[in-house]
Every structure is written in C-alpha cells, then in structure tokens.
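Below you'll find the structure, written out as structure tokens, and then a few comments.
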Amino acid sequence: MCRLLAETADLLEISGGDSFRIRSYRNAAEAVESTTLELSAIAEDAKKLQEIPGIGKAMAANLLAIERTGTLPMREELLTKYKATMLELLRLPGMGPKSVNSLWQALGIADIDALEAAIDAGKLETLPRFGKKQAEKLKKGIAEYRRNSSRFHIDEAELAAEKIAAYLTSFPGINSVTPAGSLRRGRETVGDIDLLATGPGCEENCVSSAVEYAVAYPPIVDILAKGQNKVSFRLRNGLQVDVRLLPRASYGAALQYFTGSKTHNVALRQRALKQGYTLSEYALARLDDGSVVAGATEVEIYAALGLDWIAPELRENYGELEAAAEHRLPELIEPTDIRGDVHMHTDASDGRNTIRAMADAALARGYEYIAITDHSKNLAMINGLDDRRALEHIVRIKQVDSEMEGRLRVLSGIEVDILNNGELDLSNDVLAQMDVVIGSVHSLFNQTEEQMTERMLRAMENPYLRILGHPTGRLLLRREPYKLNLPKILRRAAELGVTMEHNAYPDRLDLCDRDLRLAKEMGVRIVVNTDAHQISHLEKMRFGVLQLRRAWLTKEDVLNTRDASSLLAALRTNA
DNA sequence: GCCGTTTTCGGCCCGACTGTTTTCAGTCG
C-alpha cells in the first residue's frame with residue numbers, strides 16, 4: 001500500500017500535478033507505513049481509515065481500491081501516459097520529476113538503459129537545461145546506481161525472510177526455518193535470501209509435498225528452479241530466495257555450509273582435511289572410512305574440528321578460525337548490552353512522535369536513558385531548531401525527564417549541522433547546555449572527498465561537538481554517493497577523543513564493518529544509535545549491533561553500553 | 001489531496017546551490 005501511494009505521488013510529480021495533492025499522497029504513504037492499525041482488516045471501514053491523520057475521504061477510497069484490486073485509479077490513469085520504469089530514473093542524483101518528464105517528452109526516454117544510450121549518443125545536450133556537466137553527472141550516477149540496486153538492505157531482506165518462514169512453518173512437516181547466507185552473517189546488504197527448513201516432512205523419502213507447498217507461496221512471481229529438495233524463486237520486489245528442505249541429521253552441516261562466507265568455508269574445509277576429515281554440506285566425515293562424525297548441529301561440527309562455535313557475523317576469514325582454536329574469540333556485544341540510544345528526533349523537527357512518546361517507547365524497550373537530538377536550523381526544510389527554539393526544547397525535554405521519575409533519563413541534545421567552513425550552525429552558548437551534541441553533514445552536493453573530510457576534521461576541533469555523526473544524503477529517499485577519508489577522520493577522532501556514531505539505519509551508508517574494525521584498532525570510541533524518526537525505528541537497533549559484532553566489537557568498545565552518567569562523563573572528556 | 005474551520009474554501013515547512021542561462025528553473029536536504 002505504502003509503495004503504491006508513494007509511486008503514485010512520484011508519477012503525479014512527473015506529470016506536473018498539483019504539489020499539495022502530491023504531498024497528500026506522500027503523507028498518506030507515510031501514514032500507512034507508520035500506523036499500527038491492521039489496514040486490510042479495516043479497509044472497508046472508511047470512517048476508521050479516516051481516523052488516521054493524513055487519510056481523508058478520497059484516500060480512504062484509494063486504500064479500499066488497493067485492498068480490492070491491488071492498485072488505485074490515479075496510478076492506473078498515470079500509467080497510461082507514463083511508464084513505471086521512469087520512477088527508477090528519479091533515483092539518480094540530479095534527476096527530479098521535471099527532468100524525467102522532459103526526457104520522456106523530448107526523447108521518449110523511460111528507463112535507465114535508454115538514458116545511458118542517449119548520453120552516449122550525445123543526444124542529451126540538445127535538450128534545454130541539459131549540458132555537458134549534467135550528462136557526466138548522470139553517467140556517474142547510473143554506474144553508482146547499478147552497483148547498489150541489485151542488493152537489498154538487511155532490514156528488508158529480514159522482513160521478507162520472516163514472512164516466508166512463517167508461511168513455511170505453517171506446513172505440518174516443517175518445524176524450523178533458519179536464514180543462512182549473508183543475511184545470517186548480518187551483512188548490511190544481501191544479494192539473495194537463503195532459507196533452510198527442516199522437520200519430519202523434510203526427510204528424504206517424503207520431501208516432495210513440502211516442496212510443492214513452498215512453491216505455492218503467494219508472493220512468488222517467478223519460479224527459477226524446483227529440484228528434489230530445493231526451490232528457488234523471485235518475489236514481487238525482485239528479491240531472489242532459495243529454500244532448501246533438509247533432513248535433521250545434516251541440518252547443522254547445511255547451515256554451516258550455506259551460511260558461509262566462502263572464504264571462511266574454504267579455510268574450514270582445509271582445516272578439516274588436515275585433521276583427516278572431509279566437510280561437506282551434508283556432514284563432517286572421516287576421510288578414511290567415510291563415517292559421519294558430526295552433522296546435526298554447527299556446534300558439534302566446530303567442536304569436532306577443535307574449534308569453539310563461531311558466531312555467523314565473524315565468519316569472514318578475518319582470523320576467527322585461529323581465535324576459535326585458541327579459545328580467544330571475543331565476547332561480542334549483544335543487543336541487550338545497549339542501555340540507551342542517544343540520537344532521536346521528535347515532532348519538533350522531522351520526527352513523527354513527541355518527546356514523551358519516544359521516552360515511553362524507549363522505556364518499554366528497557367533502556368535506561370535516551371537523548372533527544374532534533375535537527376538544527378540549517379535544515380530549514382524540516383523546521384530545524386534555531387538557538388531560541390533549541391533552548392525552549394531543552395526545557396520541554398527536562399520536563400519529560402522529570403515526568404519519567406527516574407525510570408528513564410531523558411537527556412537533552414541536538415544534531416547540529418556542520419557548515420562548509422567546519423563551524424556548527426548553533427551558538428556555543430546553546431551547545432554548552434546540551435548533554436549530547438552530534439555533528440552531522442547534510443549538504444553534500446558536489447563536495448569532493450577532500451572538502452567533506454576537511455569539513456568534518458575542522459568541526460572536530462569544536463569542543464562542544466561530542467559525537468561525530470554520519471553524513472547523510474537526501475533524507476530517506478536517496479543514497480548520495482559520497483566519500484570520506486575515514487582513516488584520516490578516525491585517527492583525528494582518536495587524538496581528540498571525539499566519539500564516532502554508528503547508525504543503525506540500514507538504508508544509510510554508514511560506518512561499514514571495515515571502518516569499525518579500523519576504529520577499534522585506533523581506539524576510537526563508538527556509540528550506536530538508531531537516528532529514530534519515529535517509535536518503530538527504535539527496533540532497528542539490532543541491525544546496528546549486528547554491524548558492531550561483525551567488526552568484533554565487545555561491550556567495552558561501545559559507549560552506550562554504560563549507564564547515563566558514565567556515558568556523559570566520557571563524552572565530556574573532550575569538552 | 002487533507003485539514004480546520006469564520007461549514008466552504010484557503011492554506012498547506014523553505015533557503016541554498018547549481019548549471020544553465022542572460023534572469024531563473026530545477027534539485028537538494
């Protein structure tokens with residue numbers, strides 16, 4: 001529903017429709033995404049639907065149409081004039097609705113391949129407002145887009161995996177379904193989903209009915225392969241899924257094998273050979289007589305090879321096998337170690353919920369503290385706080401802090417914008433009154449790596465900036481290709497005692513595990529936040545923690561595993 | 001399109017930057 005409404009908004013915008021009507025569709029898409037109501041259950045009830053803010057009479061009818069027909073009239077009408085592939089063009093940096101429309105009207109360009117062909121043929125520069133620079137920029141954007149678009153963010157993949165798992169386990173012969181592959185290893189993005197299922201209906205002699213059940217999963221658009229105990233299909237959103245139905249005796253071996261990574265498995269099998277075993281997806285067996293040594297669980301396989309069980313997040317052949325052999329694997333950080341989240345937004349800027357609502361949600365998650373860090377004034381578009389409003393906001397935050405009566409500390413903070421010259425966009429007097437000051441870069445347009453890096457390095461000199469946050473591209477819509485000299489920044493952060501933020505938001509390119517390993521090496525302190533813009537975003541914390549685990553980080557390496565006063569004391573050491 | 005209301009229609013977050021112009025439209029956050 002959400003996607004259809006957002007697409008309709010994009011199409012409307014391309015068609016040059018009324019901007020306020022467009023916003024209504026966008027608002028409705030967001031409302032649908034964030035509501036806790038079961039929409040398909042109340043789709044017939046226009047009154048109930050209209051109780052959702054942003055849904056009026058017409059939109060309620062649209063939702064009903066979507067529920068009944070899978071589409072809505074406005075979208076269908078627009079699709080007779082435009083093509084669905086044009087929405088993809090909007091994802092390119094520098095391409096907006098007007099440009100997409102003019103490409104379509106003048107050259108009949110409706111997708112990325114056609115655009116690339118037109119650029120190569122030099123046709124683009126014949127159009128008004130398209131010049132050489134624009135063409136070059138688009139060309140780069142296309143390459144970048146192709147690199148990223150074939151993989152899915154982990155949250156999206158996990159959601160899809162959960163749904164498929166729920167479907168599969170409703171079959172009487174399947175009692176457990178586990179994701180393997182890069183999803184299990186906690187990679188930020190996954191290329192496809194590997195699911196391993198087992199249960200009495202997955203044993204060799206009776207697996208065929210389970211296979212039939214699997215391929216009947218409704219959201220399948222294309223069955224790519226259907227074998228004896230494996231099916232492979234594509235979902236509506238383009239995600240490829242491999243499901244393997246496995247007998248219980250070899251489940252551990254299969255889980256180990258399909259979890260990977262490839263390099264980890266190669267190293268593990270080499271180790272097995274040296275010890276007189278052979279490891280396959282079916283079992284760990286003796287080389288001499290072929291007798292099975294282990295296979296039902298991963299633990300017994302690793303143990304038979306003289307290894308401690310290795311967490312999937314570590315299986316990248318970065319030295320985990322040696323560490324497991326010597327019993328010195330790190331005690332990785334757990335989601336339950338996180339005691340607070342110090343980056344969240346409220347309805348004072350671009351968040352959706354009130355301070356109190358965020359506080360209640362954090363308390364429900366078992367946190368001891370949070371920091372409210374709305375945007376500062378440089379982000380005018382989303383009503384960022386200037387000095388005066390920031391001070392008023394502190395008062396409100398303190399009010400909620402006292403309302404929580406010690407059950408949850410609510411710290412006052414701000415996410416300031418780092419300007420071109422490295423200055424922050426609020427006065428030091430105001431920043432001095434904040435518990436938490438996160439410095440982020442938001443305007444990245446046409447910045448070189450050197451300029452971006454220099455900007456962040458300069459900001460780090462400001463004693464009021466306690467946490468260096470992430471640079472962000474276009475908010476939530478697009479991932480701006482940006483570059484930073486991270487080693488340089490991390491080195492300086494270590495020198496100055498500036499904490500680096502690791503953001504749990506999976507659709508942002510953030511500190512990847514390589515950067516995090518580097519940070520650990522250099523002794524840079526990390527704080528993991530969600531950058532929650534609404535209550536539901538708090539759930540994303542586990543994805544951030546997964547990345548920390550992939551980088552071998554322990555509880556000791558992360559600042560917000562401590563209580564509030566230790567955290568604040570640590571943050572103030574550089575103030 | 002939605003909302004709030006002075007129940008019938010007007011208001012609905014904006015400032016900076018870019019590349020193309022030869023005065024500004026389009027994109028970005």
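Per chain, numbering begins at 1; letters A, B, ... match sequence-line order. Nothing here was measured: the structure is a model prediction, and the numbers come from that model.
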Of all heavy-atom pairs linking K520(A) and A551(A), the shortest is CD-O, 4.3 Å
Of A135(A) and P97(A), the one whose closest nucleotide on DNA chain B sits nearer the 5' end is A135(A)
L103(A) CG to dG26(B) P, in whole Å, measures 13 Å
Checklist line | Donor + acceptor pair across side chains of Q433(A), D429(A) (<3.5 Å) | finding: no
Checklist entry - If you measure from the C1' atom in dC3(B) to the same atom in dT8(B), how many Å do you get, rounded? => result 13 Å
Could you verify whether a donor N or O on one side chain and an acceptor N or O on the other, from N529(A) and E501(A), lie under 3.5 Å apart? yes
In whole angstroms, the gap separating P of dC17(B) from CG of D417(A) amounts to 12 Å
Can you see whether D387(A) engages S427(A) through a side-chain donor-acceptor pair at a distance of less than 3.5 angstrom? yes
Work out how far the C1' atom of dC12(B) is from that of dT5(B), and round it to whole angstrom. 14 Å
Q. Crowded around E125(A) CD? As in, over 12 foreign heavy atoms under 6.0 Å?
A. yes
In whole angstroms, the gap separating P of dC17(B) from CG of L379(A) amounts to 13 Å
message: Can you check the distance between dT27(B) and dT20(B), where both ends of the measurement are the C1' atom (answer in whole Å)?
response: 13 Å
**Study point:** Integer angstrom distance from the C1' of dT6(B) to that of dG10(B)
**Key:** 12 Å
As its Watson-Crick or G-U partner within any shown strand, both distances under 3.5 Å, dT8(B) has none
Rounded to whole Å, the CE-C1' distance (M95(A) to dT18(B)) equals 16 Å
With sugar-phosphate taken as primed atoms, P, OP1 and OP2 and all else as base, the protein-contact string of nucleotides 1-8 of chain B at under 4.0 Å (heavy atoms; B, S, -) is BSS-----
note: K377(A), atom NZ; dA16(B), atom C1'; distance rounded to Å ~ 14 Å
When R129(A) and V100(A) are each assigned the nearest nucleotide of DNA chain B, the 5'-most assignment goes to R129(A)
If I pick the C1' atom on dC2(B) and the same atom on dT7(B), what distance separates them, to the nearest angstrom?
16 Å
Next item on the list: In whole angstrom, give me the gap between the P atoms of dC13(B) and dC17(B).
Entry: 23 Å
When rounded to whole Å, the CD to P distance for the pair E136(A) and dT18(B) reads 16 Å
Its glycosidic angle compared against 90° from 0, dT7(B) adopts the form syn
Between CD of Q134(A) and P of dC24(B) the distance, given in whole Å, is 20 Å
### Query
S19(A) near the nucleic acid: base, sugar-phosphate alone, or nothing, with a heavy-atom cut-off under 4.0 Å?
nothing
Problem - Expected output: side-chain R75(A) to main-chain A9(A) donor-acceptor under 3.5 Å - result: no
From the list V558(A), D557(A), L546(A), side-chain contact (heavy atoms from CB on, under 4.5 Å) partner of I333(A) resolves to V558(A)
*How far does the C1' atom of dC14(B) sit from the matching atom of dC9(B), given to the nearest Å?*
25 Å
With sugar-phosphate meaning primed atoms plus P, OP1 and OP2, does K132(A) contact a base, only sugar-phosphate, or nothing at under 4.0 Å between heavy atoms? sugar-phosphate
Tell me, yes or no, whether the heavy-atom count around K139(A) atom NZ, taken from other residues, nucleotides or ligands under 6.0 Å, exceeds 12. yes
Between CG of D425(A) and P of dA16(B) the distance, given in whole Å, is 13 Å
